[in-house]
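Presented below is the structure to which this report refers.
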Amino acid sequence: MKTPFRLLLLGVFLLAPIATTSAAEPVKFGDALYAKFQHARCLQCHQFNSRRNNGRAYASHRSRYLCDNCHTPRITGLPRGEWMAPHERMDWTGLSARDTCLIAKRNLGVGDVNRKLVEHMLHDGRVHWALDNGMTPNGKFPSVPGGSDEWARDVRAWAESGMFCE
Ligand code: HEC
Ligand code: HEC
């Protein structure tokens, strides 16, 4: 009876460090955030000015001005002037996890890019519109699965792991 018990103990000692190592694996951008960045609610706005991806500026939206006339604050839940599309260099449609992450960081200018990025992801009104709202002048489009609670958890986990793009 003694030998199997010793073997069991030995097994626990051998396996324990392996289990600890995998628990400490860093959270990657590709784990959860990438799929959300590539969700239609983010993409439709981020590709708005992209000719390559036939963004709405080249397709459905010929007029590029006065967005609020149709996307009113009552519809979007945003203050007047906030509903607008980014420059086309912020279009990450179809890019890999690594490139999506690099573009998000590259467009934040100089300074503490990681801090600015977390700040933007947690507090930007348009990001929250995509996560929780999805309302357009033609009715509600599906918002990003998980909403802002799951999003905040994923953003914090990635931030605590060092925010690597790999
Ligand atoms: C004349 C009214 C009108 C104006 C002005 C307008 N939009 Fe729209 N927009 C709509 C309608 C209606 C929809 C929903 C139908 C569709 O998907 O095209 C829409 C949809 C969108 C979507 C897609 C939302 C999604 O997640 O699928 C985006 C992004 C968008 N508009 C951005 C803008 C921006 C940016 C401007 C200003 C540069 C603007 N719109 C100006 C009427 C307008
Ligand atoms: C209504 C349009 C709109 C929607 C929807 C939207 N964004 Fe943006 N986003 C913008 C604009 C405009 C900027 C540029 C803001 C600035 O320059 O201050 C921006 C900037 C960013 C940035 C800053 C870095 C960069 O790449 O420029 C990130 C990151 C970002 N958005 C992520 C997201 C994510 C993730 C979603 C979906 C959950 C999303 N956005 C939905 C309009 C939008």
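Read the numbers this way: they start at 1 and go in the same order the structure lists the ligands and their atoms.
- Considering backbone and side-chain atoms alike, Asn138 places every N or O at 3.5 Å or more from each N or O of ligand 1.
- When the heavy atoms of Ala104, Cys42, Ser148 are ranked by distance to atom 36 (C) of ligand 2, first place goes to Cys42.
- Close approach of ligand 1 to Ala85 (heavy-atom distance below 4.0 Å) involves ligand atoms 35 (C).
- Close N/O approach between His61 and ligand 1 is found [any backbone or side-chain N/O within under 3.5 Å].
- Placement of Val144 and Trp158 within a single hydrophobic cluster is found when ILVMFWY residues are connected by side-chain heavy-atom separations under 4.5 Å, directly or transitively.
- Between Met84 and Asp68 the shortest side-chain heavy-atom distance does not fall below 4.5 Å.
- At least one heavy atom of Leu66 sits closer than 4.0 Å to an atom of ligand 1.
- Between Cys45 and Pro86, the closest heavy-atom pair is O-CD, 3.3 Å.
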Trp92 and Gln38: side chain to side chain contact (heavy atoms under 4.5 Å, CB included), yes or no, with the steps? CA-CA 8 Å; Trp92 48 68; Gln38 293 289 340; 3.8 Å; yes

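- Residue contacts with ligand 1 for Ser60 involve side-chain atoms from C-beta outward but no N, CA, C or O (heavy atoms, distance under 4.0 Å).
- Listed by atom number, the atoms of ligand 2 under 4.0 Å from Met84 heavy atoms are 1 (C), 2 (C), 12 (C), 42 (C).
- Residue contacts with ligand 2 leave out Lys36, since none of its heavy atoms falls under 4.0 Å from the ligand.
- A heavy-atom distance below 4.5 Å is not found between the side chains of Trp83 and Thr72.
- Side chains of Asn107 and His87 form no contact here, defined as non-hydrogen atoms less than 4.5 Å apart.
- Listed by number with element, the atoms of ligand 1 under 4.0 angstrom from any heavy atom of Cys45 are 29 (C).
- A perpendicular orientation is assigned to the rings of Phe37 and Phe29, their planes being inclined by more than 60° (bins at 30° and 60°).
- Judged by distance alone, with hydrogens and angles left aside, the side-chain atoms of Asn133 form no donor-acceptor pair with the main-chain N or O of Ser143 at under 3.5 Å.
- In this structure, Trp151 has a heavy atom closer than 4.0 Å to ligand 2.
- Nearest to atom 32 (C) of ligand 2 by heavy-atom distance, out of Trp129, Trp83, Trp92, is Trp92.
- Listed for the Asp31 side chain is a donor-acceptor partner under 3.5 Å among the backbone atoms of Lys28.
- Neither side chain, Thr136 nor Asn138, offers a donor N or O lying under 3.5 Å from an acceptor on the other.
- Residue Arg41 approaches ligand 2 through these ligand atoms, each under 4.0 Å from one of its heavy atoms: 5 (C).
- In summary, Cys70 places no N/O/S atom under 2.8 Å from atom 8 (Fe) of ligand 1, failing the contact criterion.
- At least one N or O atom of Arg56, backbone or side chain, sits closer than 3.5 Å to an N or O atom of ligand 1.
- Counting only heavy atoms, the protein never gets under 4.0 Å from atom 16 (C) of ligand 2.
- The option from Gln47, His71, His46 that lies nearest to atom 30 (C) of ligand 1, judged by heavy atoms, is His71.
- Inter-residue side-chain proximity for Arg52 and Asp91 is flagged as met; some heavy-atom pair is nearer than 4.5 Å.
- Of the protein's heavy atoms, Arg126 NH2, 4.4 Å lies nearest to atom 18 (O) of ligand 2.
- Interface atoms of ligand 2 facing Leu117, defined by a heavy-atom separation under 4.0 Å, are 29 (C).
- Contact annotation for Phe48 and ligand 2: no heavy atom of the residue comes within less than 4.0 Å of the ligand.
- With a 4.5 Å cut-off on side-chain heavy atoms, Pro145 and Glu150 do not count as touching.
- The atoms of ligand 2 that sit less than 4.0 Å from any heavy atom of Ala130 are 37 (C), 38 (C).
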